Amino acid sequence: MANFDPAAATQAYLSILTPDQHAKAVAYTQGGHWLLLWSAVVSIISGILVLRSGILPRLRNWVEASRAKPIRAILLIVMVDALIESVIALPWDIYAHWWREKSYGLTSQAFGGWMGEWALTNVLSLLVTPLLILGLYVLIRRAKSTWWLWGSLMSAAVLVVVMVISPVVIEPLFNKYTPAPPGPVRDAVAEMARANGVPSDKIFIYDGSKQSNRYTANVSGLFGSARVAMSDVMFKKDADLAEVRGVVGHEMGHYAHHHVLWFSAAYVLIALVGFFAVDRLFPQVLKWTGAKGVEGISDPAGFPVFGIILTCLALASTPIRVTMIRLGESDADRFSLERVNEPDGLSKALAKTIEYRAASPGRLEEALFYDHPAVSRRIRTAMNWKAAHGANLPPEVARP
Ligand SMILES: [Zn+2]
């Protein structure tokens, strides 16, 4: 392809959006970086409010006086704390996750629908999280100085269970998942699945347009439940086959290279560091918050201190977390180009994600905040691939 210019081709894709649309995407994306900070602040403030109110120690005294089993006492205290903190944070959540999305035109979901899902998420979390936290307190009381080590192993086990059951039990509560309907799209996807060793009954379409207008697909589940799911938004915005192939090739990359498994392992390491930090910093942070009536790390009335320390660490480690995910995304793009060879299809689909992820951040902004590589660079990579390999050749010719 002697007269193909990758830089000009990249520019042509970026020009699909008007300068106004790019400016809006930049405002949305950079505002999103600030949301990370403000969300952490809201969560820390709600923890401090609960600690200073003394409500949890009063509750603890009350359940102890009623001679309830220690396990029930811990569960009750932790659930009350989770409930209070999520209610305190609710106005912020409404702003950050619904109102703001709505004002940028990124969701068409009505407030009632969003609120219903918020309630469902919180009920699920109230059922699962206190059990995990109960486990932590049992470990703190039994294993004392090494609880953080056992605690991260236990979190790993819980994480694996949640990921395995998520596509079967949790995700269907929020969306309807159906096998891709018959037609050229399903045929193309099934053909790719066969060529890449992904079982074709593992590819689903879900009604993602209910929550968000984002052009997106994902891989979820673990081991036998792992699958590729495409939002129906992909089929509404004049999907063409090259585009579907490019995107599904990317998702198959996540699937084939077991990214979910790798990220899970990384999260276990993060939990290990986090719990160790909680173990060391607990007394000092407890003092700073001005908490009343908390009797040390083994007292569940001090649980908001865990939240405060872990929130600070999560915020500080954002660049590590996003960089890890970003490397996985580059790997999935590479998989798509090598196996499916649809650089233009992939680029056309990527251009549609610019509206919620500004295309051309500086290198530092990308490193600190972007969990996907910048679209301008992803498209350039695809166009460089096209320049080097040609595109849209039959797979048996394109594949070495
Ligand atoms: Zn991806």
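As the structure lists them, so they are numbered: ligands from 1, and atoms in each ligand from 1. What you see is a predicted model; the values in this text were computed from it and never measured.
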With the Zn ion (ligand 1) at the apex, how many degrees lie between NE2 of His254 and NE2 of His250, rounded to 10 degrees?
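About 100° at the Zn ion (ligand 1).
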With a cut-off of 2.8 Å, does His372 place any N/O/S atom under that distance from the Zn ion (ligand 1)?
no
Quick check: does Glu251 put an N/O/S atom under 2.8 Å from the Zn ion (ligand 1)?
no
Set of residues satisfying side-chain contact (heavy atoms from CB on, under 4.5 Å) with respect to Met163, sequence neighbours excluded:
Leu159, Leu222, Val260, Ser264
Need the atom name: nearest N/O/S atom of Glu329 to the Zn ion (ligand 1).
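It is OE1, the N, O or S atom of Glu329 closest to the Zn ion (ligand 1).
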For this output row, return yes or no: ring centroids of Phe335 and His257 closer than 6.0 angstrom.
yes
Would you say the side-chain atoms of Thr323 and Arg326 include a donor-acceptor pair closer than 3.5 Å?
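Yes, Arg326 and Thr323 have a side-chain donor paired with an acceptor closer than 3.5 Å.
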I'd like to check the ring-ring contact (aromatic ring centres under 6.0 Å, His included) partners of Phe303; sequence neighbours left out, ordered by chain and number.
Phe306
